[in-house]
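Here is the structure we will look at.
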Amino acid sequence: MMSSTTTDPSSSVDVALIGGGVMSATLGVFLRQLQPDWRISIFERLDSVAEESSDAWNNAGTGHSALCELNYTPQKADGSVDISKAVAVNEAFQISRQFWSHLVEKDIIASPRDFITPVPHMSFVWGEANVAFLRKRHEALNAHPLFSGMEYSEDPAQMAQWMPLVMQARPPGQPLAVTRSLNGTDVNYGALTRLLFSYLTETAGCTLHTKHDVLNIKRGTDGRWQILVQDLRLNTQRTVNARFVFIGAGGGALSLLQKTGIPEAKGVGGFPVSGQFLRCTNPEIVAQHRAKVYGKASVGAPPMSVPHLDTRMIDGKPALLFGPYAGFSTRFLKHGSLMDLPRSIRPDNIKAILSVARDNWALTKYLIEQVMQSNSERMNALRDFVPTARSKDWELVVAGQRVQIIKKDAQKGGVLQFGTEVISSQDGSIAALLGASPGASTAAPIMLTVLKKCFAEKLPEWDAKLKAMIPSYGQTLANNPDLCAELRDKTTKVLQLADD
Ligand SMILES: Cc1cc2nc3c(=O)[nH]c(=O)nc-3n(C[C@H](O)[C@H](O)[C@H](O)COP(=O)(O)OP(=O)(O)OC[C@H]3O[C@@H](n4cnc5c(N)ncnc54)[C@H](O)[C@@H]3O)c2cc1C
C-alpha cells in the first residue's frame, strides 16, 4: 500500500495534481521529465493511490487497441465496416506503449511484467449476420498496418485450439467466427499507477499527500489557483496555491471542475454507470483460457458494456474475469456519496441532463434490466462464452464507477458522450479529465493533449524530450507503415510482449 503524510509545508507549488489515479500519475511523470525543476503536489483523498477506477479489479485491464472490441468498428448502412475509430484507438495505444517503453529503458519501471502481460485479443461471434460482419471487419483491419497479423477462423477445431474453454461442450451446428491478434495485452493499471507514483515521490520537489480531500478550487487575485484541502488525518484545512492544476479526480472531477467557475465547465453534466464482473480463480479453469475474448453488445448497451471473457494477470496470479454487468448508482466514485449525482445538477446543465434522460430510453431500459438481473441470469450470460460454467467457480465483484459526459447540444438540448474529454480554461492554467473510455489505456496520449492545450508555449522547448519519450510524436503511424512496424517491434521487445 502506497501512502504518504503531509511533509511538504509549502503552500505554493507550480503544479497541483488532484487525484491519485493513473491519469495524474502519467501527467506527473511527463512533467517530471519535461520540467524537473517544477514543484509538484499531489492530493488524494483515500488512504493510498490507485484505489478507485485505476485499481486492477475496478477495471477490466484491457490494453484497448481495438484488436477485439467490436464497438470500435461499426457497420455502415451500405454493409461496409468503418474502421476509423479503431485506427484512432490503436494509434493512441501505440503512444502509451512507447511512453511505457521509455520508462522501462530509463529504469523508472524496473520490470514491465509488473504491470503488462501479453494476452491474445479475440473477437467471438455467433449467428450468420454476425459471422458475415466479423469476416468483413477482419478483411478491413488486416489490410491496415496497425492491425497486421490478425487471424480469422470459422473452423471449430481451430477455435477449440485458440479458446478451449469457450468451445468446450458448445452445441454443434451454429455458425461461429473468431479473430485473433497476438499483439493484445492485459494491463494492471493499479500496479502501473503505483510504480509511477513511487518514481515521482522519490524525485525532489514532488510530494504526495494521501488522505487529503480537495474541497474547493478558486482563482486568486494573482491569477493562481487556490486549492482548499482538508487533511483527513488531522482534520485541518489549508490553502495551497498553484500555477497549474490538473483535476484527475476520476468521477470526482466534474464537481471540482464546476467549483472552478471557468466558463468551459458550464452546461457539462455527468451520468454514472457502475460495473460488476464475475471472477474465477479456480486454477483448473483458469488454466484452460488465455485470451481476452470480446463479443457483441446487446441492444441499448452502452459501448463499454460489451461482454468479454478475459485472462487477467494481477500481481503474478492469473484469474478470469467476465462482464461487465452494468449497474446504476448515483455515486460518481466507488467510495463516493449517493448525493454525487443530485449535487452535480446545476441551472446551467439541467436542460442537457433532462434531454439526455428523454432521448436515451434504450440505455435506461438496458440499465434497469441489468440492475434487476439475478445470479442465474448473470451465469446464463456467462454461459454464452463458457458453456460449462458452474456458479460455484465464479464470484461477483464490484468494479469502478464510470461517469459519462453530458454536454449541451444546440439541436437536442443535451447529448451523452462515451469518450474522454479534457476540459481546460482558455489560459491553460487548469484542466480536468472527464469520461472514462477507452480510459487508462490512453492515459499517455490524453496527457499529451493536456500538454498541448495547457503548455502550448513550452512545446518547442520540450520537443526533443517529447520525441525521446514518444518516438512517433508529431507523426501518424497509420500513414507510416515502416515506422509503425519498427515501433511495434521495439515496444514488443522492451515491454517483453512477445507471446510466450
Ligand atoms: C468497469 C470498468 C472497466 C474498465 N475497463 C477498462 C479497460 O479494460 N481498459 C482501460 O484502459 N480502461 C478501463 N476502464 C477505465 C479506467 O479504469 C479509467 O479510465 C482510469 O482508471 C481513470 O483514471 P483516473 O486517474 O482518471 O481516475 P481514478 O483512478 O478513479 O482516480 C481518481 C482519484 O481521484 C481521487 N479523488 C476524487 N475526488 C477527490 C478530491 N476531491 N480530492 C482528492 N482526491 C480525489 C479518487 O479517490 C481517486 O483515487 C474501466 C473502468 C471501469 C469503471
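When a ligand or atom number is given, it counts from 1 through the structure's own listing order.
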Tell me whether the NZ or CZ atom of Arg279 lies within the 45° cone about the ring axis of Trp57 and under 6.0 Å from its centre. yes

Considering only heavy atoms, does Ser441 approach ligand 1 within less than 4.0 Å through its side chain, its backbone, both, or neither? both

Has ligand 1 got any nitrogen or oxygen that is less than 3.5 angstrom from a nitrogen or oxygen of [X]?
{"X": "Gly61", "result": "yes"}
{"X": "Leu256", "result": "no"}
{"X": "Val22", "result": "yes"}
{"X": "Met23", "result": "yes"}
{"X": "Asp213", "result": "yes"}
{"X": "Ala440", "result": "yes"}
{"X": "Pro324", "result": "no"}
{"X": "Ser53", "result": "yes"}

Are side-chain N/O atoms of Gln226 and Asn216 paired as donor and acceptor at under 3.5 Å?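 No.
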
Do we see a donor-acceptor contact under 3.5 Å between the side chains of Arg224 and Ser12? yes

Who's the nearest protein heavy-atom neighbour of [atom], and how far?
{"atom": "atom 29 (O) of ligand 1", "result": "Ser54 OG, 2.5 Å"}
{"atom": "atom 10 (C) of ligand 1", "result": "Pro438 O, 3.3 Å"}
{"atom": "atom 13 (C) of ligand 1", "result": "Asn59 CB, 3.9 Å"}
{"atom": "atom 15 (C) of ligand 1", "result": "Ala436 O, 3.5 Å"}
{"atom": "atom 38 (N) of ligand 1", "result": "Ala249 CB, 3.6 Å"}
{"atom": "atom 19 (O) of ligand 1", "result": "Gly439 CA, 3.2 Å"}
{"atom": "atom 41 (N) of ligand 1", "result": "Val214 O, 3.1 Å"}
{"atom": "atom 7 (C) of ligand 1", "result": "His64 NE2, 3.4 Å"}

Element-labelled atoms of ligand 1 that are located less than 4.0 Å from some non-hydrogen atom of [X]:
{"X": "Asn58", "answer": "1 (C), 2 (C), 52 (C), 53 (C)"}
{"X": "Thr62", "answer": "7 (C), 8 (O), 9 (N), 10 (C), 11 (O)"}
{"X": "Phe43", "answer": "43 (C), 44 (N)"}
{"X": "Tyr189", "answer": "9 (N), 10 (C), 11 (O)"}
{"X": "Leu46", "answer": "47 (O)"}
{"X": "Ala399", "answer": "1 (C)"}

Hey, does Pro272 have a side-chain heavy atom less than 4.5 Å from the side chain of Leu341? yes

State whether [X] and [Y] are salt-bridged, where the test is any N-O pair (Lys NZ or Arg NE/NH1/NH2 against Asp/Glu carboxylate O) under 4.0 Å.
{"X": "Arg180", "Y": "Glu151", "result": "yes"}
{"X": "Arg238", "Y": "Asp231", "result": "no"}
{"X": "Lys407", "Y": "Glu421", "result": "yes"}
{"X": "Asp340", "Y": "Arg331", "result": "no"}

Check for me whether Glu51 has a heavy atom closer than 4.0 Å to any atom of ligand 1. no

So between Gln230, Glu44, Arg312, Lys259, whose heavy atom ends up nearest atom 33 (C) of ligand 1?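 Among Gln230, Glu44, Arg312, Lys259, the closest heavy atom to atom 33 (C) of ligand 1 comes from Glu44.
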
Which is closest to atom 39 (C) of ligand 1 in terms of heavy atoms, His335, Lys292, Arg45? Arg45

Reported OG-to-CG distance for the pair Ser96 and Leu448, which is rounded to 0.5 angstrom: 9.0 Å

Rounded at 0.5 Å granularity, tell me how far CG in Leu234 sits from CG in Leu232.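 These two atoms lie 9.5 Å from each other.
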
Residues, nucleotides or ligands: over 12 heavy atoms within 6.0 Å of Lys218 NZ: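 Counting other residues, nucleotides and ligands, NZ of Lys218 stays at 12 neighbours or fewer.
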
Taking the six-membered ring for Trp, is the centroid-to-centroid distance between Phe115 and Trp100 below 6.0 Å? yes

Please confirm whether the ring centroid of Trp38 lies under 6.0 Å from the ring centroid of Phe455.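 Yes, they do, as the ring centres are separated by less than 6.0 Å.
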
Is a side-chain donor or acceptor of Arg219 paired with a backbone partner of Thr260 at a separation under 3.5 angstrom?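 Here the side-chain-to-backbone pair does not exist.
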
Kindly assign one of parallel, tilted or perpendicular to the pair Phe124 and Phe385, based on the angle between their ring planes and the thresholds 30° and 60°. perpendicular

